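Side chains included, hydrogens not; waters and symmetry mates left out as well; all remaining heavy atoms used. These figures come from a predicted structure and were not determined experimentally. All chains are named by letter (A, B, ...) in the order of the sequence lines, taking the proteins before the strands, and each is independently numbered beginning at 1.
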Amino acid sequence: MNSDPMNTEPIWKSWFARHGAKLLLFARQQSRRPDEAEDLLQEAFVRIWRLYGHTGEVSPGLVYRAIRRLAIDWARSIDRRQARENRVALDSPLSFSFERTLEQDERKQALLRAVERLPDQQKEVVTLKIWGELTFDEIARTLDESLNTVASRYRYALEKLRDWVPEEMEGKKEDTSQSS
Amino acid sequence: MNEFEKLEAELKELRPLPPSEEFTARLETALGDAGKVAMCCLPEDEDNEQAVSPPSHVTDAHKLISFPRLALYAGLVSGGLAAVWAGVFYLSGLIAPDGPGIEPGMEDAPLVVQNPMPVRPLMRLDDPDSPLHGLSLDQIQDVSVMPVSGWLDPQINERFLRMVDEGVYQQPGGLPARRVRHFFMDETLWSHPASDTRILSTTPREEVFLIELETY
């Protein structure tokens with residue numbers, strides 16, 4: 001038996017490689033500030049991994065829930081509320097949270113702008129469903145809402161996106177023609 | 001595909017940015033020892049790596065072996081071996097009576113099975129006696145440079161340090177009380193006589209006592 005102790009890797013690294021990007025996206029959405037998002041994700045992940053990491057498998061839903069609850073707690077603190085009020089100029093659009101490729105077409109950009117316009121409650125459901133790959137049941141538990149509520153929010157969000165993407169594309173064309 | 005499904009597919013094509021390496025390093029520091037409790041084994045050599053490696057487009061982190069999957073592979077390999085052995089015994093039972101016969105003195109000779117495919121272990125199985133997922137007792141011994149067996153039962157000792165009187169405390173909805181805080185140090189000592197090794201763990205602890213005051 002090869003007992004080379006160097007031939008091992010902490011499990012959390014492979015777990016985080018699988019789930020880190022979507023957790024960070026959710027944290028960005030909850031905090032709305034990139035610098036705070038990383039703090040939020042770190043705090044939530046470390047808390048959950050210290051509790052359940054010894055099992056080698058942790059449900060991502062637990063970390064999503066911890067991120068949301070921490071975000072609410074942090075928002076309640078006076079210092080952070082003041083920072084939140086002063087943060088307008090620091091806000092970054094949702095598109096900065098996604099990989100940008102050269103071939104990213106106009107429609108995808110319009111799609112992201114449309115997602116950005118969604119109400120926060122619908123946006124978080126879309127984020128958890130599409131990029132977090134959670135079921136409606138898991139989303140309901142993460143957001144402390146009923147199953148029907150999250151499913152409705154998701155449906156309304158998709159209806160809005162369907163209507164808004166063409167608008168966004170038209171708007172972009174108008175902007176381009178005006179600037180030229 | 002309806003329009004919503006198309007929309008969902010388009011959204012899924014957008015990939016969120018992965019966390020930066022700096023952030024992952026920060027996370028590793030923040031996790032400390034908690035990050036090292038659960039480990040997984042990397043492939044031992046190139047052959048094994050080929051045997052279990054995912055497609056090249058998968059990230060490096062995904063090249064780590066998944067234990068449930070490896071357990072499945074091990075189950076399949078052992079199942080295959082069992083089937084080969086069962087087949088050989090079955091065929092030997094059928095053929096032997098009508099066959100050329102076994103030479104005298106060879107009845108007890110071991111049956112040699114020519115396995116068409118060399119079966120190599122694909123993984124290191126989990127050691128059921130190991131307290132750490134993915135590491136066997138031998139590996140833990142190598143990593144910790146300490147023996148894993150032969151330890152005596154730990155000796156636990158509670159050491160009282162000091163007492164602090166924090167004054168009168170108004171209990172919510174109750175009588176006023178004097179609050180007294182006791183400070184302890186809990187000590188646990190593990191001993192390994194064979195290697196003359198001792199490990200002492202100390203944990204501070206506080207206890208608060210409320211002594212109700214009599215009101216006149």
K.L.:
For the CG atom of B:Leu11 and the CH2 atom of A:Trp131, what is their distance to the nearest 0.5 Å?
P.N.:
5.0 Å

K.L.:
Please round to the nearest 0.5 Å and tell me the distance separating atom CG of B:Leu7 and atom CZ of A:Arg162.
P.N.:
9.0 Å

K.L.:
Nearest 0.5 Å, please: how far is CD in B:Glu3 from CG in A:Leu161?
P.N.:
11.5 Å

K.L.:
Would you compute the distance between atom CG of A:Leu24 and atom CG of B:Leu17 and round it to the nearest 0.5 angstrom?
P.N.:
8.0 Å

K.L.:
Looking at A:Arg107 and B:Glu10, is any side-chain nitrogen of the basic one under 4.0 Å from a carboxylate oxygen of the acidic one?
P.N.:
yes

K.L.:
Strictly distance-based, threshold 3.5 Å: is any side-chain N or O of A:Trp12 a donor or acceptor partner for the main-chain N or O of B:Leu31?
P.N.:
no

K.L.:
Do NZ/NE/NH1/NH2 and the carboxylate oxygens of B:Glu8 and A:Lys129 come within less than 4.0 Å?
P.N.:
no

K.L.:
Are A:Glu38 and B:Ser20 packed together at the side-chain level, in the sense that at least one heavy-atom pair is separated by less than 4.5 angstrom?
P.N.:
yes

K.L.:
Do other residues, nucleotides or ligands put more than 12 heavy atoms under 6.0 Å from the OH atom of A:Tyr52?
P.N.:
no

K.L.:
Side chain from CB out, backbone as N, CA, C, O: work out which of these in A:Ile130 comes under 4.5 Å of a heavy atom of chain B, or both, or neither.
P.N.:
both

K.L.:
Are A:Leu41 and B:Leu27 packed together at the side-chain level, in the sense that at least one heavy-atom pair is separated by less than 4.5 angstrom?
P.N.:
no

K.L.:
Flag yes if more than 12 heavy atoms outside B:Arg205 fall under 6.0 Å of its CZ atom; otherwise flag no.
P.N.:
yes

K.L.:
In this structure, are over 12 heavy atoms from other groups packed under 6.0 Å from B:Glu158 atom CD?
P.N.:
yes

K.L.:
Got a salt bridge between B:Glu28 and A:Lys13, using NZ or NE/NH1/NH2 to carboxylate O under 4.0 Å?
P.N.:
yes

K.L.:
Does atom CG (B:Asp165) have a neighbourhood of more than 12 heavy atoms from anything else shown, all under 6.0 Å?
P.N.:
yes

K.L.:
For the residue pair A:Val46 and B:Ala30, what are the closest heavy atoms and their distance?
P.N.:
CG2-CB, 3.8 Å

K.L.:
Checking an interface table here. Which of residues 143-160 of chain A come within a heavy-atom distance under 4.5 Å of chain B?
P.N.:
A:Tyr154, A:Leu158, A:Glu159

K.L.:
Nearest heavy-atom pair of A:Ala21 and B:Pro18: which atoms, and what distance?
P.N.:
CB-CA, 3.7 Å

K.L.:
Could A:Asp39 and B:Arg26 be called an ion pair, given the rule that one side-chain N must be under 4.0 Å from one carboxylate O?
P.N.:
yes

K.L.:
Just wondering, are more than 12 heavy atoms of other shown residues or ligands nearer than 6.0 Å to CG in A:Asp163?
P.N.:
yes

K.L.:
Does B:Phe23 reach the side chain of A:Gln42, with side-chain heavy atoms less than 4.5 Å apart?
P.N.:
yes

